[in-house]
Amino acid sequence: YVALRVAQRDECSQDERGAAAIFATQLDDFLGGGPVQFREVQNNESITFLGYFKSGIKYKQGGVASGFQHVVTNDMSMKRLLHIKGRRTIRATEVVLSWASFNQGDCFIVDLGKVKLYTTVQVKCRSGLCIQWGKKVFSQPPIVQALGPKPSIPPGTPDDEKVDTSNRKKGALYMISDASGSMKSSVMASSSPFKQAMLTAEECYILDNGVDKNVFVWKGPKANAAERKAAMSAAQQFIKEKGYSDKTQIQVLPAGGETTLFKQFFSDWKDKDQTTGPSKAYCIGRIAKVEQVPFDASTLHSNNNMAAQHNMVDDGKGKVQIWRVEDGDKVAVDPSSYGQFYGGDCYLILYSYRLGGREQHIIYTWSGLKCTQDELAASAFLTVKLDDSMGGAPVQVRVTQGQEPPHLMSLFQGKPMMVHNGGTSRKGGQTGAGSTRLFHIRQSSTRATRAVEVEPSASFLNTNDVFVLKSPTAMFVWRGVGASEEEMAAAKHVVGFLGGSGSNVSEGKEPAGFWSSLGGKKEYQTSKSLQNMVKPPRLFGCSNKTGCLSVEEVPGDFQQTDLATDDVMLLDTWDQIFLWIGNDANAEERTGAPKIAKDYVDSDPSGRRGLSITTIKQGAEPPTFTGWFQAWDPKMWETDPLKIIHGRF
């Protein structure tokens with residue numbers, strides 16, 4: 001993967017911009033048209049670009065020395081003012097040395113030549129990064145001498161509290177062509193999400209995400225050379241025609257080199273040889289460096305990185321208690337029925353285990369897709385009540401039917417977790433099951449299995465898995481080419497529960513009765529999926545102080561120090577969402593945390609829905625969370641974060 005980034009300053013000339021575009025095209029040609037091209041604009045840089053500079057970016061006046069101008073750097077007589085802004089994406093911009101440039105919400109560095117002063121009214125950014133740029137000499141007289149008497153300082157600007165609106169329908173797809181003699185664009189789809197099949201190899205396309213100041217150009221591998229070479233200029237012309245800001249970012253993408261930011265606008269995107277099964281899909285957003293760790297239950301307690309990748313805090317052999325939500329209260333489930341979940345019910349699962357000599361607890365709140373709103377509300381209330389009764393110590397995990405995490409699946413030792421499409425397990429309330437039923441059996445990366453009831457149609461089959469089909473006249477166990485022995489063993493439990501005996505059927509050797517029970521033969525997933533793929537994580541700082549969802553992504557490879565103790569942080573590991581509650585987060589953020597997570601998932605343009613959401617409190621992080629952070633320090637929270645920052649100097 002090669003990325004070619006063209007960065008431009010606000011003050012650069014039109015000639016310089018044009019020359020940069022030409023040089024980028026020449027370099028792209030030299031590299032065979034393979035690089036992904038980006039245009040980065042001052043103050044509107046991408047998260048990836050900012051991630052290259054973990055200590056932030058400084059904007060300086062002037063430019064490079066040339067025959068037309070001479071630049072003096074580090075002039076000891078130079079006086080200047082740097083405006084430091086941002087909580088996680090830190091920027092230092094040189095502004096006019098005047099009291100008029102100050103506000104109460106940001107940090108500033110006053111450089112008086114031989115004496116540098118760091119001054120702030122309210123520290124809101126990661127001040128440690130700011131302080132590295134200025135010697136801390138708090139001395140008011142020199143500032144007053146340089147700027148005059150201090151006037152009333154205005155309040156801070158609201159830039160740090162920008163509202164993140166829904167991403168749904170934020171994109172439009174255009175096909176571009178020079179068939180008429182000049183580059184023209186025509187609408188293919190007016191709103192996202194799109195289908196990958198809309199992109200054909202013979203054409204070039206523009207994906208318009210101008211509302212977020214992003215425009216993408218996708219170059220088909222068989223498009224004519226003129227269209228491919230004109231990709232960047234076509235995007236610039238498109239931006240001009242649409243009246244978008246000249247700070248709009250541009251990405252030029254060759255086929256096979258699509259960025260995850262581009263792919264997220266497609267509901268069915270699949271990379272070469274990749275398939276999407278339950279809870280498995282393409283990667284989204286910035287890629288952090290994650291080393292693949294094979295699963296080994298015996299080392300769970302000592303290997304946090306593996307625990308995080310596989311969502312396993314232990315091997316699932318702890319104590320399990322399950323209640324069904326009924327009439328606003330919780331009713332104990334018969335242990336003989338543990339592992340059976342019905343789509344018309346809600347359940348509370350309390351799991352207790354020992355870690356580091358201490359007893360730990362997890363409360364899984366499972367909601368069926370056909371449960372009532374009253375049951376859903378009652379399950380949330382009962383979860384809080386159970387959590388309070390245990391002193392607020394348990395980790396809470398909200399689970400929606402069909403999105404069960406591997407650890408929950410492992411609690412039913414040796415048996416698959418069976419998820420019934422509908423019905424209820426409450427006494428006297430069972431509803432009749434359909435005459436034909438199909439269960440999809442899949443093994444997770446932790447070797448735990450789940451049997452999920454799906455629509456009895458051949459289109460739901462998958463070559464990598466096992467299916468149990470029960471009709472009024474027969475029962476079949478269908479084994480796909482890529483299925484495992486563990487999945488076949490789980491099928492025996494499903495057959496036993498459904499009653500009777502099943503006939504084993506291998507993929508490609510199905511009898512006529514098998515297909516007729518499914519309503520006929522249909523196309524289904526036959527590609528070999530990529531196994532044990534680790535989804536790249538993303539970390540966000542979240543706030544709903546304004547009443548709307550506000551999200552800011554942490555750039556680069558995130559660290560434990562990126563967890564702001566006065567915020568709610570959202571960690572997206574693709575299969576699961578973690579909500580981390582800082583000790584200093586305000587009451588509104590704490591109570592609104594579940595809504596923040598739901599809004600985040602609902603705003604995903606790929607269409608992800610119903611993910612497990614785990615709520616974690618600062619200081620009580622399980623290994624499934626800490627393992628995503630390199631060199632996690634459990635004692636970090638024992639020290640004031642400001643003291644850590646000051647200790648650097």
Side-chain angles (χ1 to χ4, degrees), residues 275 277-280 336-345 366 368-370 401-404 406 408-425 430-444 446-526 528-529:
T275 65
S279 299
K280 296 297 177 185
S336 65
S337 299
Y338 281 7
Q340 301 292 327
F341 292 81
Y342 291 81
D345 285 335
W366 188 94
L369 296 177
K370 297 182 179 179
Q401 177 182 340
Q403 298 290 337
E404 293 78 14
L408 175 58
M409 294 160 53
S410 74
L411 303 187
F412 313 106
Q413 302 294 312
K415 297 189 299 184
M417 178 180 184
M418 283 191 68
V419 181
H420 300 261
N421 190 34
T424 175
S425 60
Q430 289 88 346
T431 56
S435 59
T436 301
R437 307 181 71 184
L438 182 64
F439 284 85
H440 181 182
I441 302 172
R442 168 168 287 187
Q443 182 183 35
S444 74
T446 64
R447 302 190 182 95
T449 52
R450 174 179 56 182
V452 180
E453 186 174 7
V454 296
E455 182 182 337
S457 170
S459 61
F460 282 84
L461 297 177
N462 189 305
T463 191
N464 297 294
D465 304 319
V466 171
F467 289 77
V468 174
L469 171 64
K470 182 181 181 181
S471 71
T473 58
M475 189 180 304
F476 302 94
V477 177
W478 184 87
R479 179 172 184 169
V481 173
S484 67
E485 291 298 331
E486 290 84 355
E487 289 167 342
M488 286 296 291
K492 294 181 181 179
H493 289 280
V494 176
V495 169
F497 176 85
L498 295 176
S501 59
S503 301
N504 290 343
V505 175
S506 297
E507 182 179 8
K509 299 180 180 179
E510 300 86 355
F514 176 82
W515 295 118
S516 62
S517 296
L518 292 173
K521 199 171 185 178
K522 297 178 182 177
E523 184 179 355
Y524 62 88
Q525 184 56 263
T526 57
K528 183 70 175 177
S529 66

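Note that the coordinates shown come from a computational prediction; the quantities given were computed from them, not determined experimentally.
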Relative to the ring of F514, is the ring of W478 parallel (under 30°), tilted (30 to 60°) or perpendicular (over 60°)?
-> parallel
Mind checking the OH-CD spacing from Y342 to E453? Nearest 0.5 Å is all I need.
-> 10.0 Å
Rounded to the nearest 0.5 Å, what separation is found between the CG atom of L469 and the CD atom of E510?
-> 11.0 Å
Rounded distance [0.5 Å steps], OG in S517 versus CZ in R437 | 15.0 Å
Judged by atom type as modelled, is there a donor-acceptor pair below 3.5 Å linking the side chain of H493 to the main-chain atoms of M418?
-> no
Rounded to the nearest 0.5 Å, how far apart are CZ of R450 and CZ of R442?
-> 8.5 Å
Regarding E486 and T449, is there a side-chain donor-to-acceptor distance under 3.5 Å anywhere?
-> no
S484 and Q443: which non-hydrogen atoms are nearest, and at how many Å?
-> OG-OE1, 3.3 Å
Distance-minimising heavy-atom pair for A451 and P416 = N-CB, 4.4 Å
Would you say the side-chain atoms of K415 pair up with the backbone N or O of G339, donor to acceptor, closer than 3.5 Å?
-> no
Do the non-hydrogen side-chain atoms of V477 and K492 ever get within less than 4.5 Å of each other?
-> no
S337 side chain vs Q340 backbone, donor-acceptor pair below 3.5 Å = no
Name the orientation class of the two ring planes belonging to F439 and H420 (parallel below 30°, tilted from 30 to 60°, perpendicular beyond 60°).
-> perpendicular
For N504, the option from R479, K509, M488 that meets side-chain contact (heavy atoms from CB on, under 4.5 Å) = M488
Within a strict 4.5 Å, meaning less than it, do heavy atoms of the Q401 and N421 side chains meet?
-> yes
For the residue pair I441 and A491, what are the closest heavy atoms and their distance?
-> CD1-CA, 3.4 Å
Nearest-0.5 Å distance, CH2 of residue W366 to CE of residue M417 = 6.5 Å
Taking E487 for the side chain and D465 for the main chain, is one N or O donor matched with an acceptor at less than 3.5 Å?
-> no
Any donor-acceptor N/O pair, S457 side chain to F460 backbone, under 3.5 Å = no
Do N462 and H440 meet the criterion of a side-chain donor-acceptor pair at a distance under 3.5 Å?
-> no
Considering all heavy atoms, the nearest A483-V466 contact = CB-CG2, 3.5 Å
